[in-house]
Structure formats: structure tokens, C-alpha cells
Asks: 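A single structure is presented below for examination.
Within every chain, numbering begins at 1; the chains are lettered A, B, ... in the order of the sequence lines, protein sequences first and strands thereafter.
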Amino acid sequence: MSTTPAGGTDPHLLDDLRWRGLIAHSTDLDALGDALRAGSVRFYVGFDPTAPSLHMGHLVQILTARRLQQAGHAPYALVGGATGMIGDPRDSGERTLNSAEVVAQWVERIRGQIEPFLDFDGPAAATMVNNLDWTAGLSAIDFLRDIGKHFPVNRMLARDVVKRRLEDGISYTEFSYVLLQSMDFLELHRRHGVSLQFGGSDQWGNLSAGVDLVRRADGAHVHAFATPLLTRADGTKYGKSEGGALWLDPELLSPYAFFQFWLNVEDEKVGELLRVFTFLSREEIEDLEQRSAAEPHRRHGQRALAREVTTLVHGAEETARIEAASAALFGGGDLVELAVPTLAAALREAGAVEVAAGPELPTIVDLLVASGLAASKGEARRTVGEGGAYLNNTRVTDPDHRPARTDLLGGTWLVVRRGKKRFAGVEVR
RNA sequence: GGCAGGUUGUCCGAGCGGCCAAUGGAAGCGGACUGUAAAUCCGUCGGCGUAUGCCUACGCAGGUUCGAAUCCUGCACCUGCCA
């Protein structure tokens with residue numbers, strides 16, 4: 001992970017990106033390669049504030065930006081205060097507009113999530129930009145004359161997203177989104193000499209529209225590429241399960257749960273994810289793939305992946321705590337054998353709650369609900385009935401079962417488990 | 001503006017006066033087999049809880065009826081055809 005010396009650029013950048021599978025679509029790759037080798041390129045990648053946090057999909061873009069910067073190119077990270085007010089068309093239908101206050105708040109949170117990944121000093125220093133800066137004061141007349149004139153509606157209608165949405169309907173607002181994003185590229189090109197944009201493959205239409213606009217408006221040739229859409233082995237999207245998206249914000253998804261996600265990745269996907277989400281070298285990744293293939297049950301790849309990505313997002317200290325917690329909880333050994341401080345630390349990582357107990361301790365059903373492992377008492381009863389409830393790693397089959405005081409580990413802790421891998425700690429006081 | 005059709009649980013989609021907390025998929029959750037993997041098989045899938053019970057739910061608000069997701073009226077939104 002060495003940064004290229006001041007002023008220089010890494011001539012192998014494009015090859016590395018291609019090896020990692022990060023280029024799913026692109027404008028002329030030879031031209032892009034020439035530009036990247038010729039000197040430091042100013043590039044941009046945009047993030048729309050459509051939620052309070054970025055997630056796994058955005059992480060691909062953040063890390064790709066970091067790769068480009070480490071190779072000597074200058075990032076412009078755009079948080080879409082303007083585009084976030086509009087919303088780009090998606091297949092699932094028309095978006096609900098968010099208020100200006102909410103968008104502004106999300107812009108700040110997202111900026112804060114991106115900044116740690118980029119270097120704001122040095123010859124390829126990063127810059128944060130907000131497209132509200134050049135759209136807020138723009139008049140509708142200027143917009144229609146200067147930007148709109150370059151967008152033939154017949155071609156806009158031919159875009160895949162738009163075609164699919166024509167059945168169920170699409171507002172003029174979302175239909176116009178592509179003009180705003182294209183204008184961002186034009187503005188950044190004019191203001192800062194930005195000549196490359198990348199984004200997710202679902203953004204390819206917007207990316208290439210921006211390239212077209214810069215050419216039509218200014219006669220300049222700029223570049224774009226799209227990273228691939230990552231899917232699970234069965235072709236479905238990530239994040240549809242596990243109760244939601246893989247958020248980067250620790251308040252929306254605990255670092256422990258984040259780590260567990262990566263650890264549980266399918267064998268077939270480990271190599272791909274290591275290439276996209278880690279800064280391990282080609283040699284290291286190929287070695288991990290070989291060792292994983294040789295002894296898959298050891299999950300070498302998954303462990304490295306979980307450690308690397310969690311370290312990038314949540315830091316080395318937190319990752320070390322999580323690994324210790326996982327080892328304790330999944331160790332398979334007797335929980336009674338664990339030192340209490342170790343157990344307590346592990347449970348706090350996995351998620352722990354305090355419960356005030358009277359003369360009697362709560363029932364297993366109440367413990368499942370209190371710990372958040374079950375959403376309702378009905379669900380908790382069902383879990384017990386299905387044989388999925390465990391107390392201190394022993395299956396409980398009676399929904400009215402109450403642990404005794406002597407079951408408390410270290411005098412205060414109960415380990416509640418639902419299913420094979422969802423743990424929570426309950427601290428009884 | 002006129003006419004027609006539509007709005008059901010996380011999603012898709014049946015139901016068209018009582019047998020409807022609502023058929024069937026999918027997702028989710030649990031179990032078995034494994035490796036905290038995949039595939040497969042089985043179970044489960046509104047809440048309170050155990051009461052032939054109550055509460056909430058079939059776009060929103062009213063009405064008809066002993067009884068409505070189902071019928072009527074108004075409103076909102078969506079789709080199609082005609083202007």
C-alpha cells in the first residue's frame with residue numbers, strides 16, 4: 001500500500017483496476033490509460049444523500065477513489081446536495097422527496113464518512129464539493145438554454161431505466177435527473193479541470209451522459225468508467241437480507257454485525273470481494289484464494305476479508321475487539337470456562353442489554369425480546385418452539401423457562417442466542 | 001375534461017358479503033446436514049397471549065348490513081383509452 005512519490009503516477013493503475021474487476025463499463029479504455037499514465041488526473045465520484053449513511057455499494061466507490069489517489073490522481077468527492085433533492089430514477093418506482101433540512105443533514109453525515117478514506121494534503125490532495133454550489137443560483141431559463149438544449153428527449157427516452165419506468169410512470173423531476181448529474185461533470189471540468197468520473201454500474205447512463213455533455217458544450221473529451229454491480233452467488237443483491245443494507249455508520253449497523261457479514265460471505269465470492277474491498281496485493285489475494293480452495297472449512301479468505309474491510313471502515317482497535325469476541329462466542333468451548341472480563345467484552349461487542357431482575361429472573365421469551373433477538377413475544381415463543389433458543393449455549397425448549405441465579409456467568413451475565421449465530425448478552429442487575 | 005380499470009400483509013399476487021389475520025409465490029426466521037459457506041429437505045411466518053378471547057390490518061373518510069377486504073358515497077393517488 002505505498003503511495004506513489006510526489007508528482008508521479010503509478011503506470012500500472014489501470015491494469016490493477018481491471019484485475020480487481022472494478023471496470024464493468026467504460027469510455028475508450030486506451031485513451032483513459034494514456035491519460036492516467038501521462039500525469040495526475042483530476043477525477044470525481046458523486047454520492048447522493050438519499051439516506052443518513054453510505055453502505056457497501058458506496059464503499060466500492062470510496063475505495064476505488066482511494067486507489068486512484070494512491071496512484072497519484074486527485075479526487076473530487078462530490079456530495080449531491082442538489083441531486084439528492086431530486087433523486088435519480090430507479091426501477092422500484094418514484095422516490096419520495098426529502099425535505100431540504102433532511103438532505104442538508106445527510107450531506108454532512110456522508111461527507112464525514114468519506115473524508116477518512118481520502119488524503120487532503122499532498123500533491124494529489126482531495127477536495128470535497130457540493131453540487132448545490134452551482135445549481136442553487138441557476139435560473140430555470142439558463143438551465144433549459146445552456147444544459148437542456150444538449151439533451152435530445154428521444155435519447156433520454158431510450159435509456160433503460162426510463163424505458164422500464166414508462167410503464168408505471170416517472171415524474172418530470174426524476175426524468176430530468178440526468179441533466180443535473182451531467183452538469184456536475186461539466187462544471188467540475190470547467191472549474192477544476194476534472195476529466196474522469198466513475199460510479200456504480202447503475203450510474204452508467206448518467207456517467208456517459210456527462211461525457212456527452214462535456215463534449216457537446218465544450219468540445220472536450222473526458223473519461224468515465226463504471227464499477228460492477230456486486231451480487232451474491234445466486235445473483236440477488238446484497239443487503240436484501242440480513243434485515244437491511246450493510247451500512248457503514250456504526251449507529252445503523254454495529255461493527256460486530258458488519259464484521260460478521262464479511263465473515264459469512266459465500267466461498268465463491270471471497271476472491272471477488274477481496275479484490276474489490278481490500279488493499280491486499282495480487283500475490284496475497286491469490287495466495288488466500290488457493291488456501292481457501294484447499295481447505296474451505298478454515299475460511300482463510302473470509303477471515304482476511306472481514307479483518308481487512310472492518311479495519312478500513314471501523315479501525316484496527318475495534319476490529320481486534322470484534323475478532324476476540326467472535327473467537328469467544330463461536331469458540332465452541334464451554335462458556336463457563338471463559339474469563340468473565342473476556343466474556344463481558346465479547347458480549348458488549350455482539351450487543352448487550354441490562355435487565356433489572358426481581359426475586360426471579362426473566363423467562364427465556366422475555367430475554368429474547370429484551371436482548372433484541374426477537375421482535376415480539378410471539379416471535380420469541382415461536383423461536384423457542386422451533387428449537388432455536390439457547391441460554392448459555394444450551395437449547396431451551398420451554399418458553400416459560402427461567403434461568404436460576406446460579407446460571408449467571410460471573411454472577412451477572414447470560415448469553416442468549418437465537419439460531420446458530422445470533423448472540424446477545426444480558427447483564428442482570 | 002370524459003370513460004374504464006386499479007390501490008391487499010416485507011415484496012409480488014389471489015380473494016369480491018359471513019367458513020378471512022386473509023390462498024399461492026418470494027424474502028425473512030428456525031431446524032437437519034456442514035465449515036459462523038453453498039445447495040437440499042423440513043418447519044414457521046400481525047400483536048397480546050392461550051381466552052370457542054381481544055387488538056390492529058386489506059389507499060383515506062363516511063355509509064348500508066346482524067355482519068364488509070368484499071356493497072354504496074366522497075376524497076387521494078396510479079394506469080389505460082378518448083378529448
Asks: Give the rounded distance in Å between these two atoms: CD of Glu266(A) and C1' of U34(B).
Replies: 15 Å

Asks: Take atom CH2 of Trp262(A) and atom C1' of A37(B), then tell me their distance rounded to the nearest Å.
Replies: 16 Å

Asks: Write down the distance separating the C1' atoms in G53(B) and A69(B), rounded off to the nearest Å.
Replies: 23 Å

Asks: Please find the pair of heavy atoms, one from Leu367(A) and one from Leu414(A), that lie closest to each other, and give the distance.
Replies: CD1-CD1, 4.0 Å

Asks: Would you mind classifying the nucleic acid contact of Glu295(A) as base, sugar-phosphate or nothing, using non-hydrogen atoms under 4.0 angstrom?
Replies: nothing

Asks: Looking across every strand, which nucleic acid part, if any, lies under 4.0 Å from Arg422(A) by heavy atom: base, sugar-phosphate, or nothing?
Replies: sugar-phosphate

Asks: Please measure how far the P atom in C72(B) lies from the corresponding atom in A4(B), and state the result in whole Å.
Replies: 13 Å

Asks: If you measure from the Lys or Arg side-chain nitrogens to the Asp or Glu carboxylate oxygens, is any gap between Glu286(A) and Arg282(A) under 4.0 Å?
Replies: yes

Asks: Respond yes when some side-chain nitrogen or oxygen of Arg381(A) is under 4.0 Å from OP1 or OP2 of G30(B), and no when none is.
Replies: no

Asks: Near Glu295(A) CD, under 6.0 Å, is it more than 12 heavy atoms from other residues, nucleotides or ligands?
Replies: yes

Asks: Does Phe259(A) reach a base, just sugar-phosphate, or nothing at all? Heavy atoms under 4.0 Å.
Replies: nothing

Asks: Which of these nucleotides, U34(B), G35(B), G47(B), is closest to any side-chain atom of His297(A)?
Replies: G35(B)

Asks: Go through the N and O atoms of the side chain of Glu386(A) and the base of G43(B), and report whether any donor-acceptor pair is under 3.5 Å.
Replies: yes

Asks: Go ahead and name the base partner of C45(B); Watson-Crick or wobble counts if both distances stay under 3.5 Å, otherwise write none.
Replies: none

Asks: What is the distance, rounded to the nearest whole Å, between atom CG of Asp400(A) and atom C1' of G49(B)?
Replies: 11 Å

Asks: Starting from P on G49(B), measure out to CZ on Arg382(A) and report it in whole angstrom.
Replies: 13 Å

Asks: If I compare all heavy atoms of Phe277(A) with all of Leu312(A), which pair ends up nearest, and what's the gap?
Replies: O-CD1, 3.5 Å

Asks: At 4.0 Å (heavy atoms only), tell me whether Arg417(A) reaches a base, stays on the sugar-phosphate, or touches nothing.
Replies: nothing

Asks: Lys420(A) side chain N/O closer than 4.0 Å to the phosphate oxygens (OP1, OP2) of A37(B)?
Replies: yes

Asks: Step by step, would you call Glu308(A) with Thr319(A) a side chain to side chain donor-acceptor pair (under 3.5 Å)?
Replies: CA-CA 9 Å; Glu308(A) 291 295 321; Thr319(A) 303; over 6 Å; no

Asks: Tell me which nucleotide, if any, is Watson-Crick or G-U wobble paired with C20(B) when both distances must be under 3.5 Å.
Replies: none

Asks: Please classify the nucleic acid contact of Val270(A) as base, sugar-phosphate, or nothing, using heavy-atom distances under 4.0 Å.
Replies: nothing

Asks: Could you let me know what U65(B) is paired to, Watson-Crick or G-U wobble, both distances under 3.5 Å, or none if it's on its own?
Replies: none

Asks: Using Watson-Crick or G-U wobble geometry with both distances below 3.5 Å, tell me the partner of G9(B), or none.
Replies: none

Asks: What is the distance, rounded to the nearest whole Å, between atom CD of Glu174(A) and atom P of C78(B)?
Replies: 13 Å

Asks: If you find the nucleotide of RNA chain B closest to Ser376(A) and the one closest to Asp267(A), which residue's nucleotide is nearer the 5' end?
Replies: Asp267(A)

Asks: Could you tell me the separation between the NZ atom of Lys421(A) and the C1' atom of G35(B), rounded to a whole number of Å?
Replies: 11 Å

Asks: Atom CD of Glu379(A) to atom P of G30(B): distance rounded to whole Å?
Replies: 9 Å

Asks: In whole angstrom, give the distance that lies between atom CZ of Arg298(A) and atom P of G35(B).
Replies: 13 Å

Asks: Which sits closer to the 5' end of RNA chain B, Val369(A) or Arg303(A), going by the nucleotide each is nearest to?
Replies: Arg303(A)

Asks: State the pairing partner of C75(B); accept Watson-Crick or G-U wobble contacts with both distances under 3.5 Å, and report none otherwise.
Replies: G59(B)

Asks: Do Ser254(A) and Glu349(A) pair up side chain to side chain, a donor and an acceptor below 3.5 Å, judged on atom types alone?
Replies: no

Asks: Quick one: label Lys377(A) by what it contacts on the DNA or RNA (base, sugar-phosphate, nothing), any heavy atom closer than 4.0 Å.
Replies: sugar-phosphate

